[in-house]
Amino acid sequence: MFPHTIAAALVSFAGIQISLAQTTLNTLSRDVERVESVREVKDVQKSFAQLAQFGRWSDIAVLFSDNGTLQWGNAIANGPAAIKTWLQTDAGHMDGIRPGSLNTVVTECPLVTLSVDGLTAKGRWNGLRFQGDGQGGTWIQGGIYENEFVSTGDGWKISLLHYYPLYAGPYIGGWRNVGGNLSIVPYHFTPDSAGIPIPPPTGEILNNTATIDQLGHRITKLNDEDAVRNLQDAYGYYVDRRMWPDVVDLFIANSSVTISGVDSFNGATGVLSAMQQMGPENLTQGILNEHIVVDTIVSVDSSGIKAISRGIEIGMIGDANTRTASWEFNVFRNEFIKDIDGIWKFKALHITPLITANYSTGWGNGSLSPLPASIPDFISTSRTRSPIFSSNGTTTNTNTNITDLQRQLNRSAAYDGAENIASAYGYYADDLQSDQLGAIHAANGHKEVPFTGFYHSSTRIALACHTEYGYPNLTALRSGISFHWLMQPVILVSDDGRSANLRARLLQPSTYQEKAGTFEGGMYANQLVLENGVWKLWSTGIDEFYWESKDWASGWSGMDPRNESEVIAPSELSTKYPPDLSVKDLGSPREDGFMGGSGRYVQWPEIQRMWWPYRNLVSGRTPEWFWPGCVPCQMKMEWNLTSNGYLEPPNGPPLVGKGWSSVRCEGE
Ligand SMILES: *[C@@H]1O[C@H](CO)[C@@H](O)[C@H](O)[C@H]1NC(C)=O
Ligand SMILES: *[C@@H]1O[C@H](CO)[C@@H](O)[C@H](O)[C@H]1NC(C)=O
Ligand SMILES: *[C@@H]1O[C@H](CO)[C@@H](O)[C@H](O)[C@H]1NC(C)=O
Ligand SMILES: *[C@@H]1O[C@H](CO)[C@@H](O)[C@H](O)[C@H]1NC(C)=O
Ligand SMILES: *[C@@H]1O[C@H](CO)[C@@H](O)[C@H](O)[C@H]1NC(C)=O
Ligand SMILES: *[C@@H]1O[C@H](CO)[C@@H](O)[C@H](O)[C@H]1NC(C)=O
Ligand SMILES: *[C@@H]1O[C@H](CO)[C@@H](O)[C@H](O)[C@H]1NC(C)=O
Ligand SMILES: *[C@@H]1O[C@H](CO)[C@@H](O)[C@H](O)[C@H]1NC(C)=O
Ligand SMILES: *[C@@H]1O[C@H](CO)[C@@H](O)[C@H](O)[C@H]1NC(C)=O
Ligand SMILES: *[C@@H]1O[C@H](CO)[C@@H](O)[C@H](O)[C@H]1NC(C)=O
Ligand SMILES: *[C@@H]1O[C@H](CO)[C@@H](O)[C@H](O)[C@H]1NC(C)=O
Ligand SMILES: *[C@@H]1O[C@H](CO)[C@@H](O)[C@H](O)[C@H]1NC(C)=O
């Protein structure tokens, strides 16, 4: 990805000798810009979503290039002015402007690939849009974006926003497929190119004007952004499980929680009280407290010690015991601080509730809670590439070791490589693309098939998928799709940037021709590696389901407790094409309670215990159900990363003053 120019030694150009140091600096500068480009493309897409939520059509128009195009299904608009008009007309009264209206746009599962010249990019996202006019009208729509971007003098812009509608319908009655049976939305990537978000550049390297400490500062900012993003996403998971002590641990001592229109809370006891508004610590049978974190933009300020995250929180809440459930659409705009121990922490959590609605009736008539008094400020997507920091900043990068700066930069590039492949997994699984699912795994990687077990090697992974899905005619239309959204990732990258742990939420919307689709939820515990310059899945572990919906009308609170006398038959796949390690053999305690695993099958609305691949990212608190490393690795040691020439990524915070012996926590 970032070829070294060290071998070039002295480059002679037009009789002028350019020093090795300058050549290397030029390369580093270009590489930094390419990682920043991928991040900015993602932020532009998220800005589109965040601005749409409040009907900011003029601001959205500015996200497009002068000759940018929007194609929504078959409708086309060219140029910012026409795009603005189209979006406004299309939203109608469901514009997020009218009191009680809702227009929450979700774009997740980014798969972004930069062009070789670094001047254009393509990106795929899953989309969902929750709409209401406040006067009884509602609409839910879902589909896929295959967008194109261009680098301009004014930052990255959308040159083509192409949305493929796949499902849509009103709240009452739910959604169906759009246009009957569904075909595959063309991929802009292959299994290999998905694992190379930033391809090796060609052509002449521009002369860099940044100094080494300016580049170092920008690289540190990228690393910091990763840390803050992880913290934001990890927070969401603790909230889902009502793990209040872990939430409190994420905050510095002098912190605040503000829930607009409700209350403000200060300090550790305040954070706890704020959380307890959602209920007491831990989940009990039938309680769902999902707070899904989407559309997050993170901005680290020029001081390098303060950061903001802004995004959307979708609450899927309920109590199956009383058959009640509700929706929440909130905006968060949180503040973080890099503490004196060098660890990023929450400084202020600020939630602005937009709409709260009863599940049974939906949000058509607006919100059950007071409407927000103001719109939380947006974050600019521009990543100023020119020197922007003052040398008085407390965290000026003093690292002048270019190799080490490259390594630091590789760690942020790894974040995007890992995220791309997690997204690719979801897209290929949605479309039952067995060969591609094999090909995005490392040659010696392994993948779990839920209820069955683990298949070792990319070849056997593909065969297991073929055996399970059959050999569909891939161009044939399908009457239904269960989507695999791998979202809200916590990505912990190894020191050398060649391996990563990735935990992601599985959100599973489904759509059909004949009946309304639903939502289900699970969790992925994955590991990824850089194999021959391409990011691949090393380990895919899937824990499902933590919650399910009975059907659209009754939702997640409509599920009845499982009839214990029902016998769970072994999966067909386990006899047709036996795994290398069955979930039954992996057994207790890891597979206790999962279908096909060991022990009694625990099905929602009973609470299935959740495993954690990392310790608390701030305090290092070890969760009761801690499972570091790959899911089958305690039984199959030869499948672990260290046995295969990779570093085991961290499974907790950096160790500053914590007395741990190794930042990688090897052997834990
Ligand atoms: C859009 O404008 C860019 C220059 O800003 C140009 O390179 C490109 O060809 C144009 N695309 C179209 C479709 O006109
Ligand atoms: C909205 O309110 C109207 C009038 O009270 C009622 O008839 C209608 O059923 C409500 N619609 C929804 C979706 O709640
Ligand atoms: C880079 O700088 C060298 C030396 O000043 C100059 O000869 C060369 O043309 C420059 N290259 C580019 C791409 O501007
Ligand atoms: C705590 O933070 C608030 C606002 O950020 C500030 O006004 C106050 O002085 C701080 N208190 C201490 C003890 O640092
Ligand atoms: C919540 O669960 C954790 C982990 O299982 C346990 O240690 C803790 O005591 C529980 N807290 C309460 C209040 O039950
Ligand atoms: C939600 O709707 C159900 C059914 O109409 C009703 O029984 C329940 O009281 C409502 N809950 C709230 C919080 O309005
Ligand atoms: C920051 O450093 C600049 C010199 O680089 C100096 O002029 C300025 O006064 C400093 N500002 C503060 C607040 O220390
Ligand atoms: C520079 O960084 C690399 C990679 O971290 C390291 O191996 C090397 O020892 C460092 N060189 C110096 C002179 O510190
Ligand atoms: C950074 O990544 C590139 C591409 O994988 C690799 O060639 C290079 O050796 C790495 N540099 C360091 C210092 O780790
Ligand atoms: C697959 O389906 C397409 C469209 O229905 C058809 O044209 C094609 O012949 C089929 N291919 C095979 C191998 O059956
Ligand atoms: C839709 O797909 C189903 C199977 O997925 C198939 O049986 C049916 O014939 C298809 N209908 C059309 C119109 O293609
Ligand atoms: C990985 O497996 C090797 C044996 O192949 C073992 O020595 C090592 O401790 C394992 N590493 C971890 C992190 O479990």
Side-chain angles (χ1 to χ4, degrees), residues 39 42 108-110 222-241 243 246-247 249-251 290-298 307 309 311 313 332 334 336 343-346 349 411-423 425-426 484-495 497 499-507 521-529 535 537-543 546 610-623 625-631 641 648-654 663-665 668:
R39 300 295 174 96
K42 292 181 182 178
E108 283 298 325
C109 316
L222 287 163
N223 291 169
D224 286 339
E225 180 186 327
D226 301 342
V228 171
R229 196 171 282 287
N230 281 340
L231 206 51
Q232 175 64 56
D233 287 351
Y235 157 83
Y237 292 134
Y238 294 137
V239 169
D240 291 347
R241 299 293 291 191
M243 291 165 71
D246 276 289
V247 173
D249 281 4
L250 300 179
F251 288 75
E290 297 290 280
H291 284 75
I292 297 173
V293 176
V294 300
D295 295 334
T296 308
I297 297 179
V298 167
S309 71
E313 188 184 76
F332 62 85
N334 301 333
F336 302 83
I343 298 180
W344 283 94
K345 299 176 186 174
F346 271 85
L349 180 82
R411 296 186 71 236
S412 277
Y415 183 102
D416 296 296
E419 186 171 47
N420 257 21
I421 289 298
S423 299
Y425 177 94
H484 301 71
W485 289 41
L486 277 74
M487 58 192 297
Q488 201 178 324
V490 173
I491 303 175
L492 297 167
V493 177
S494 67
D495 253 9
S499 54
N501 283 342
L502 177 145
R503 177 189 223 219
R505 180 193 295 283
L506 164 65
L507 181 69
M523 198 65 79
Y524 284 89
N526 294 347
Q527 293 189 318
L528 295 105
V529 296
W535 281 94
L537 275 160
W538 176 258
S539 177
T540 299
I542 311 169
D543 293 334
Y546 283 101
M610 185 173 280
W611 290 96
W612 298 79
Y614 49 76
R615 291 166 289 113
N616 187 289
L617 295 183
V618 169
S619 66
R621 179 195 294 269
T622 304
W625 307 108
F626 179 46
W627 197 271
C630 92
V631 172
L641 287 169
E648 198 67 48
N651 53 43
V663 78
R664 284 167 218 136
C665 303
E668 263 198 22

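Heavy atoms only: backbone and side chains are in, while hydrogens, waters and symmetry mates are out.
- Here the side chains of Ile421 and Leu502 are not in contact, with every heavy-atom distance at 4.5 Å or above.
- Contact check for Tyr415 versus Arg229: side-chain heavy atoms found under the 4.5 Å cut-off.
- With sequence neighbours excluded, no residue forms a ring pair (Phe, Tyr, Trp, His ring centres under 6.0 Å) with Phe332.
- Using a 4.5 Å heavy-atom cutoff, the side chains of Met610 and Asp543 are not in contact.
- To the nearest 0.5 Å, the span separating OH on Tyr237 from CG on Asp246 amounts to 14.5 Å.
- Asn334 places none of its side-chain heavy atoms less than 4.5 Å from the side chain of Val228.
- Applying the disulfide (SG to SG under 2.5 Å) criterion to Cys109, with sequence neighbours excluded, gives no partner residue.
- Residues Tyr614 and Asn501 are not in side-chain contact: their nearest non-hydrogen atoms beyond the backbone lie 4.5 Å or more apart.
- In this structure, the ring pair (Phe, Tyr, Trp, His ring centres under 6.0 Å) partners of Tyr425, at least two apart in sequence or on a different chain, are Tyr524.
- Under the side-chain hydrogen bond (donor to acceptor under 3.5 Å, both in side chains) criterion, Asn526 pairs with no residue, sequence neighbours left out.
- For the atom pair CG of Leu349 and CZ of Phe336, the computed distance is 8.0 Å after rounding to the nearest 0.5 Å.
- If you take CG on Leu250 and CG on Leu617, they are separated by 7.0 Å, rounding to the nearest 0.5 Å.
- For the residue pair Glu108 / Gln488, no side-chain donor-acceptor distance below 3.5 Å is found, with atom types taken as modelled.
- Ring orientation note: the planes of Phe346 and Tyr235 are tilted relative to one another, at an angle of 30° to 60°.
- To the nearest 0.5 Å, atom CG of residue Leu492 and atom CD of residue Glu648 are 11.5 Å apart.
- Annotation: the span from Arg615 atom CZ to Asn651 atom CG amounts to 5.0 Å, rounded to 0.5 Å.
- Ser423 places a side-chain N or O within donor-acceptor distance of the main-chain N or O of Pro110, the cut-off being under 3.5 Å.
- Partners of Ser309 under the side-chain hydrogen bond (donor to acceptor under 3.5 Å, both in side chains) rule, at least two apart in sequence or in another chain, are Gln232.
- Residues satisfying the salt bridge (charged side-chain N to carboxylate O under 4.0 Å, His left out) criterion with Asp295, sequence neighbours excluded, are absent altogether.
- Tested against Trp535, the residues Leu528, Asn420, Asp416 include a single side-chain contact (heavy atoms from CB on, under 4.5 Å) partner, Leu528.
- One N or O on the side chain of Ser494 and one on the backbone of Ser499 form a donor-acceptor pair closer than 3.5 Å.
- Looking only at side-chain heavy atoms (C-beta outward), Ile292 and Met487 come within less than 4.5 Å of each other.
- In terms of heavy atoms, Val493 sits closest to Pro649 at C-CB, 4.2 Å.
- Under the rule for a salt bridge (charged side-chain N to carboxylate O under 4.0 Å, His left out), Asp233 has no partner lying at least two apart in sequence or in another chain.
- Considering only residues two or more places apart in sequence or on other chains, Pro613 meets the side chain to side chain contact (heavy atoms under 4.5 Å, CB included) condition with Arg503.
- Residues satisfying the ring pair (Phe, Tyr, Trp, His ring centres under 6.0 Å) test with Trp627, not counting sequence neighbours, are Trp611.
- Partners of Trp538 by side-chain hydrogen bond (donor to acceptor under 3.5 Å, both in side chains), not counting sequence neighbours: none found.
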request  = Assess whether salt bridge (charged side-chain N to carboxylate O under 4.0 Å, His left out) is satisfied between Arg505 and Asp240, documenting all intermediate values.
outcome  = CA-CA 11 Å; Arg505 180 193 295 283; Asp240 291 347; 2.8 Å; yes
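- The shortest heavy-atom contact between Cys630 and Gln527 is CB-OE1, 3.3 Å.
- The nearest pair of heavy atoms linking Asn230 to Pro489 is OD1-O, 3.9 Å.
- Looking at residues two or more places apart in sequence or on another chain, you find a side-chain hydrogen bond (donor to acceptor under 3.5 Å, both in side chains) between Asp226 and Arg39, Ser412.
- Within the model, atoms CG of Leu506 and CG of Leu486 stand 6.5 Å from one another, a figure rounded to the nearest 0.5 Å.
- Glu419 is linked by a salt bridge (charged side-chain N to carboxylate O under 4.0 Å, His left out) to Lys42, counting only residues two or more places apart in sequence or in another chain.
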